[in-house]
Amino acid sequence: MAPYRYRGALNIGFQLSITVGILIANVLNYFFNKIDGGWGWRLSLGGAMVPALIITVGSLILPDTPNSMIERGQTEEAKAKLKRIRGVDDVDEEFRDLVAASDASKLVEHPWGNLLQRKYRPHLTMAILIPFFQQLTGINVIMFYAPVLFNTIGFEDDASLMSAVITGAVNVGATLVSIYGVDKWGRRFLFLEGGVQMLICQAIVAACIGARFGTNGDPGDLPKWYAVVVVLFICIYVAGFAWSWGPLGWLVPSEIFPLEIRSAAQSINVSVNMLFTFAVAQVFLTMLCHLKFGLFLFFAFFVLIMSIFVYFFLPETKGIPIEEMNRVWRTHWYWSRFVEDLDYPNGGMEMSKGGQGPKNV
């Protein structure tokens, strides 16, 4: 539903809501832990019913999108809803394109099979590699190490909860930066800047921990300033992730899939993300025991690989309507060999007057 000029910021608003929710939960957990008698965990666990209740009630009053209404044959209601969303009465061109796109999608009988067609090779590649790389940024490593490092600078028994609060606050702040800049600076810039930032921070943290902890995990008498420096770079790393691969790992896949393969491609995107979230969580401790501080270098290597991948293979999608997204593949130095003009006989789309709705050309 979002106007293409603000699609990135509004989409990342979803990620912002998640990070704010995580921060609120972390703050509540920190104070619940201080309740005498040790029963605060019951509030943390039972309190989860509050957002669950909000979601349940909200789902009952959440309005449908024009696309969904058109798919179910409610064309008049869809047009009225589109007028309300855009704030203007002249939505005829955009509405016709939505209807045409819906009609075309209904002709697609095998979206999973179509996803394997040559012209959808770039879409399938992004649906797999972006979530794969997102989980190999090493964000889990940082979150696991944070409690130990915060403990050395005086947080004692509350180290894990306080570290979650601090990194959660950094997460929220950096997501706000992403919302501000994603439609100004572009997706590629944030991906690449965040990748460089994470790479440098992981190398520094690995060097600092390797120098003091070694391979036996005993830092000896670790000065507080030393731990403060390490924690600072951890926060810088979290910021780099939170304004790049964190939100963009969801934003970019959501805006590059054409309607005829969108459901199948998004399913693959989410499935790959969940699969590697599970896999990294399962093997992390084993890898940590064997690689020690080298685990930071392991993930730094993948950050380097994913940054190179973005630089050469991910086109910029800023300010491009979803209906017109096929042109970024046709003009790309590599993907153009898979996507040709014959694959889109209508010639693509361009935005109608006012910049809100697309029109066929």
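Put simply, the side chain of Val50 does not reach to within 4.5 Å of the side chain of Leu53, judged on heavy atoms. Using a 4.5 Å heavy-atom threshold, the side chains of Trp185 and Val177 count as touching. Two residues are said to be in side-chain contact when any heavy atoms from C-beta on lie closer than 4.5 Å; Val196 and Ser307 fail this criterion. Within the 4.5 Å cutoff, the side chain of Gln197 has no heavy atoms near those of the Phe241 side chain. With contacts defined as side-chain heavy-atom distances shorter than 4.5 Å, the pair Asp64/Lys81 does not qualify. Side-chain contact between Asn269 and Asn273 is absent, with no heavy-atom pair separated by less than 4.5 Å. Residues Pro253 and Gln266 are in side-chain contact: their nearest non-hydrogen atoms beyond the backbone lie under 4.5 Å apart. Side-chain contact between Phe313 and Tyr334: present, with at least one pair of heavy atoms (C-beta onward) separated by less than 4.5 Å.
Checking each of Val20, Ile12, Thr19, Leu16 against Leu176 for a side chain to side chain contact (heavy atoms under 4.5 Å, CB included) leaves exactly one that passes, namely Leu16.
Smallest separation of non-hydrogen atoms from Ile204 and Phe233: CD1-CE2, 3.3 Å. The two residues Arg330 and Ser336 make their nearest non-hydrogen contact at O-CB, 3.3 Å. Taking both residues in full, the closest heavy atoms of Trp245 and Ile130 are given as CZ3-O, 3.6 Å, listed atom of the first, atom of the second, then distance. Scanning all heavy atoms of the two residues, the minimum distance from Val272 to Phe132 falls at CG1-N, 3.9 Å. Heavy atoms only, all atoms of each residue included: Ser244 and Met198 are closest at OG-CE, 4.2 Å. Here the closest non-hydrogen pair linking Asn171 and Ala242 is OD1-CB, 3.0 Å.
Under a 3.5 Å cut-off, the side chain of Asn33 and the backbone N or O of Asn29 do not form any donor-acceptor pair. Put simply, the side chain of Arg7 gets close to the backbone of Ile320: a donor and an acceptor are under 3.5 Å apart. Between the side chain of Arg187 and the main chain of Val182, a donor-acceptor pair closer than 3.5 Å is present. Within the 3.5 Å criterion, the main-chain N or O of Lys318 finds no donor-acceptor partner in the side chain of Arg188. Checking side-chain atoms of Tyr180 against main-chain N and O of Ala9 turns up no donor-acceptor pair under 3.5 Å.
Ring geometry for Phe257 against His123 counts as tilted: the plane angle lies between 30° and 60°, on a 0 to 90° scale. Taking the six-membered ring for Trp and thresholds of 30 and 60 degrees, Trp329 and Trp335 have ring planes more than 60 degrees apart, a perpendicular arrangement.
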Practice item. I would like to know whether Thr167 and Tyr237 meet side-chain contact (heavy atoms from CB on, under 4.5 Å); could you show each step before the answer? Key: CA-CA 10 Å; Thr167 54; Tyr237 167 87; over 6 Å; no
Point to revise | Derivation of the side-chain contact (heavy atoms from CB on, under 4.5 Å) call for Met126 and Val252 | key: CA-CA 9 Å; Met126 298 302 166; Val252 173; 6.0 Å; no
Point to revise | From CA spacing to verdict: side-chain contact (heavy atoms from CB on, under 4.5 Å), Leu10, Tyr6 | key: CA-CA 6 Å; Leu10 291 173; Tyr6 312 110; 4.2 Å; yes
**Study point:** Verdict with supporting geometry, Ile139 and Phe299, side-chain contact (heavy atoms from CB on, under 4.5 Å)
**Key:** CA-CA 9 Å; Ile139 189 67; Phe299 285 107; over 6 Å; no
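Sparse packing is recorded around CZ of Arg84, with 12 or fewer heavy atoms of other residues, nucleotides or ligands lying under 6.0 Å away.
Between the OG1 atom of Thr125 and the CD1 atom of Ile256 there is a distance of 9.5 Å, given to the nearest 0.5 Å. Taken from CG in Leu136 to CG in Leu129, the straight-line distance is 10.5 Å, to the nearest 0.5 Å. In this structure, the separation between CE on Met49 and CD1 on Ile54 is 11.0 Å, given to the nearest 0.5 Å. Separating the CD1 atom in Ile128 from the CG atom in Leu275 is a distance of 11.0 Å, to the nearest 0.5 Å. Note: Ser44 OG to Asn26 CG = 10.0 Å, rounded to the nearest 0.5 Å. Here Phe276 contributes atom CZ and Phe133 contributes atom CZ; the two are 10.0 Å apart, rounded to the nearest 0.5 Å.
Looking at Ser68 and Arg72, their side chains do bring a donor and an acceptor atom within 3.5 Å of each other.
In the hydrophobic cluster analysis, where Ile, Leu, Val, Met, Phe, Trp and Tyr join through side-chain heavy atoms closer than 4.5 angstrom, Ile261 is grouped apart from Leu98. Under the 4.5 Å side-chain heavy-atom criterion for grouping Ile, Leu, Val, Met, Phe, Trp and Tyr, Phe14 is not connected to Leu190 through any hydrophobic cluster.
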